[in-house]
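Quick note: numbers below take in every heavy atom, side chains included, and nothing from hydrogens, waters or symmetry partners. Naming: A, B, ... by sequence-line order, numbering from 1 per chain.
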2 protein chains.
Amino acid sequence: MTGGAAERMTRRPGRMRPSSGATITDVAQAAGVSRATVSRVMNGRPTVDAAIAERVRRVVDELGYKPSRVAQSLSLGRTSTVGVIVPDLGNPSFQQILHGVNRSAAAAGYRVLVADSAETPDDEPALIEDVRRRTDAVIVCSPRMNADTLAALLPRVQPIALVNRDEPVDAPRVVVDSGAGVAEMCRHLIGLGHRRIVHLDGPVGSNAQAARLRGLTAIGEEHPEVELVRLPCGSTIDEGHAVFDQARATGSTAIIGFNDLVALGVLEAARDRGVRVPRDLSVVGFDDIPFARLSSPALTTMSVDLEEVGETAWRALEARMKGEEEDGPRVFAPVLVPRASVDPVA
Amino acid sequence: MTGGAAERMTRRPGRMRPSSGATITDVAQAAGVSRATVSRVMNGRPTVDAAIAERVRRVVDELGYKPSRVAQSLSLGRTSTVGVIVPDLGNPSFQQILHGVNRSAAAAGYRVLVADSAETPDDEPALIEDVRRRTDAVIVCSPRMNADTLAALLPRVQPIALVNRDEPVDAPRVVVDSGAGVAEMCRHLIGLGHRRIVHLDGPVGSNAQAARLRGLTAIGEEHPEVELVRLPCGSTIDEGHAVFDQARATGSTAIIGFNDLVALGVLEAARDRGVRVPRDLSVVGFDDIPFARLSSPALTTMSVDLEEVGETAWRALEARMKGEEEDGPRVFAPVLVPRASVDPVA
DNA sequence: CTGAAAGCGCTTACAG
DNA sequence: CTGAAAGCGCTTACAG
């Protein structure tokens, strides 16, 4: 008991607590008990005398006392907060994953701290470390940094879970099998008679992009009669829009966007140019974001439930925090959703 | 200096720090200096002897020491974290606002903690208080709780900024002028000859919905010759889809969705029913989410830059934290974006 | 059932 | 320039 409220007030400037700002010491003094007892009452320990507990609760109400989570975190050694780091908060795919993580983390009593690396791989390690220092664990979505950097980072930020990064590292992973997905999409298009298909590549170094390459290579071997073209593009509507003329110039009858955003950009560009989809050109995406079914024409795409991916990432992380053993990456196989943006080739 | 690392390890179970887990005490011991000196070096205070500082830095690197943000927060009395509370993380409008807040908060050295009230007004106050206790301040988007509850909550969670809630309370506010927006949209439709228009209402109790009512009332007085119908709906694609038949049954020539999601749901339902938009029916939305321009037909809507709303909310909150005075709510006037989903009435 | 004390990992006025 | 000490606001083994 080293100082009353007034004395404390003047000690440090710039306190950022609510104006009520009562501390456990204030409550203890007002109720005439020790801080330990207040703590016990606040935490519902049954060993407190009923009358005393009641008195403490009354004082708590009067003073509007709320325990400081920061102090609790320091004392307990955990924050009940988890970090989610994504390359771009403006990307609906990451928004869905975030939503899924938040839902399940909240159900488990955790809050979510978000961070956005703005698609800057060099900033990722420092960002992840910073977020990790404020939280009990982190979920990192689609990190763009290279394998060595990631490997060096991991031990510094455990526990960590990885989404869409499937190198065999010491961390639980949930991955969308993009390679199998793009292969299935190709088979669908080939089955409809397409013989020249252009794939709009995603961000360089992204895990999904590497997986696509593997899928495309497999299809190339499976179907030597089919010409698979690749074009550098990206992951946004605008990038899809910008690459349209180039894609068109390949003479392909079908365009596979790296994701739905890219495909939607392509659709928009096609409309601008008077190219009729799917009559003149088939266009497909990847992810099945909520708007894929609303585009004109409705977009054929590979569907993966990204909210569930987020929930799964949380569960994997939670298991890790409890010290449970891994049993390999959790793989989501995308499923084909045929809609109206694809026509057979005569 | 009360214990070495080994001793500490056994004191409490369940530490959630990275395995490196060095503390300032470990560094101080290894470098043969006091913790104060380590702290000074870490914080770049220029008063430390160069040789000593260098020695400390070397030890820091060797041990992989990173200061605990939790301990810093407790000591400094601030977390450099701001909370953002939204009714639904799955709603693109809130995602955009979140994105804007995150961008500007990050630039100012703050991290963002998100929370989702799952459109449950009763849970909002407790949620906001909880988030506030982990952060230095909060931004609350479109709170659904009633005015009295909000008024009672505010003093407990200062500093707080409000988005889309324009009661004159003691908190900086940034609001979208939905009333003026819907009025402008109505005038646009009326100018094109529409005489019976149905408005699909948003969530009961939402600020935007109340503002819409005021706008619709004003239009009703301005244009007694026009029939304005209202239908309870909501704020999601599915709710827009579900209310379509009812809206159609009103015999209106134009439907105003509470937001773009609702309007997109309406568009989808129209397609399902074989109703041609805009030929048979005009449909408009509100917000101009990124997908509004990509729908079929492209959606006429009222545009508001929600990322900028988020950025503005952050700046308003930042000003408040610095103790600056308010000069009234910051109002965003939505602007009409005519696209392809509206036709004149013959 | 209750309290004094130590501890969580930092920061910073204060004294040298 | 540097360190001992006090403090941030909690929790909990320990002793009574």
Looking only at side-chain atoms of [X], point me to the closest of [options].
{"X": "A/Pro67", "options": "C/dT12, D/dT2, D/dC10", "result": "D/dC10"}
{"X": "A/Asp49", "options": "C/dT11, D/dC10, C/dT2", "result": "C/dT2"}
{"X": "A/Asn43", "options": "D/dG9, C/dG3, D/dT11", "result": "D/dT11"}

Next item on the list: Examine the side chains of A/Asp123 and A/Ser117 and answer whether a donor and an acceptor come within less than 3.5 Å of each other.
Entry: no

Electrostatic pair [X]:[Y] at N-O distance under 4.0 angstrom:
{"X": "B/Asp88", "Y": "B/Arg144", "result": "no"}
{"X": "A/Glu318", "Y": "A/Arg315", "result": "no"}
{"X": "B/Glu129", "Y": "B/Arg132", "result": "no"}
{"X": "A/Lys66", "Y": "B/Asp130", "result": "no"}

Between [N] and [X], is there an OP1 or OP2 to side-chain N/O distance shorter than 4.0 Å?
{"X": "B/Arg45", "N": "C/dT12", "result": "yes"}
{"X": "B/Gln72", "N": "C/dT11", "result": "yes"}
{"X": "A/Thr37", "N": "C/dG3", "result": "yes"}
{"X": "A/Ser34", "N": "C/dG3", "result": "yes"}

Find the distance [X]:[atom1] to [N]:[atom2] and express it as a whole number of Å.
{"X": "B/Arg69", "N": "D/dC8", "atom1": "CZ", "atom2": "C1'", "result": "15 Å"}
{"X": "A/Ile52", "N": "C/dC1", "atom1": "CD1", "atom2": "P", "result": "10 Å"}
{"X": "A/Met42", "N": "D/dC10", "atom1": "CE", "atom2": "P", "result": "9 Å"}
{"X": "A/Leu76", "N": "C/dG9", "atom1": "CG", "atom2": "C1'", "result": "14 Å"}
{"X": "B/Arg134", "N": "D/dC8", "atom1": "CZ", "atom2": "P", "result": "23 Å"}
{"X": "A/Leu74", "N": "D/dC8", "atom1": "CG", "atom2": "P", "result": "14 Å"}
{"X": "A/Arg78", "N": "D/dC10", "atom1": "CZ", "atom2": "C1'", "result": "13 Å"}
{"X": "B/Arg55", "N": "D/dT2", "atom1": "CZ", "atom2": "P", "result": "9 Å"}

Notebook entry, point to check: When the nearest nucleotide of DNA chain C is assigned to A/Pro46 and to B/Ile24 on a heavy-atom basis, which residue is associated with the more 5' position?
Noted result: A/Pro46

Next item on the list: Mark yes or no for a side-chain to base donor-acceptor pair under 3.5 Å between A/Arg40 and C/dG3, with no hydrogen or angle criteria applied.
Entry: yes

Note to self: Distance criterion of 3.5 Å, no angle test: do you see the side chain of A/Ser75 paired donor-to-acceptor with the base of C/dG7?
What the structure shows: yes

Margin query: Over all strands shown, is B/Thr47 touching base, sugar-phosphate only, or nothing at heavy-atom distances under 4.0 angstrom?
Written below: base

Notebook entry, point to check: Watson-Crick or G-U wobble partner for C/dT2, using a 3.5 Å limit on both distances?
Noted result: D/dA15

Check: What interatomic distance, in whole Å, is found between C1' of D/dT12 and the corresponding atom of D/dG16?
Finding: 16 Å

Item checked: Side chain A/Arg69, main chain B/Val131, donor-acceptor under 3.5 Å -> no

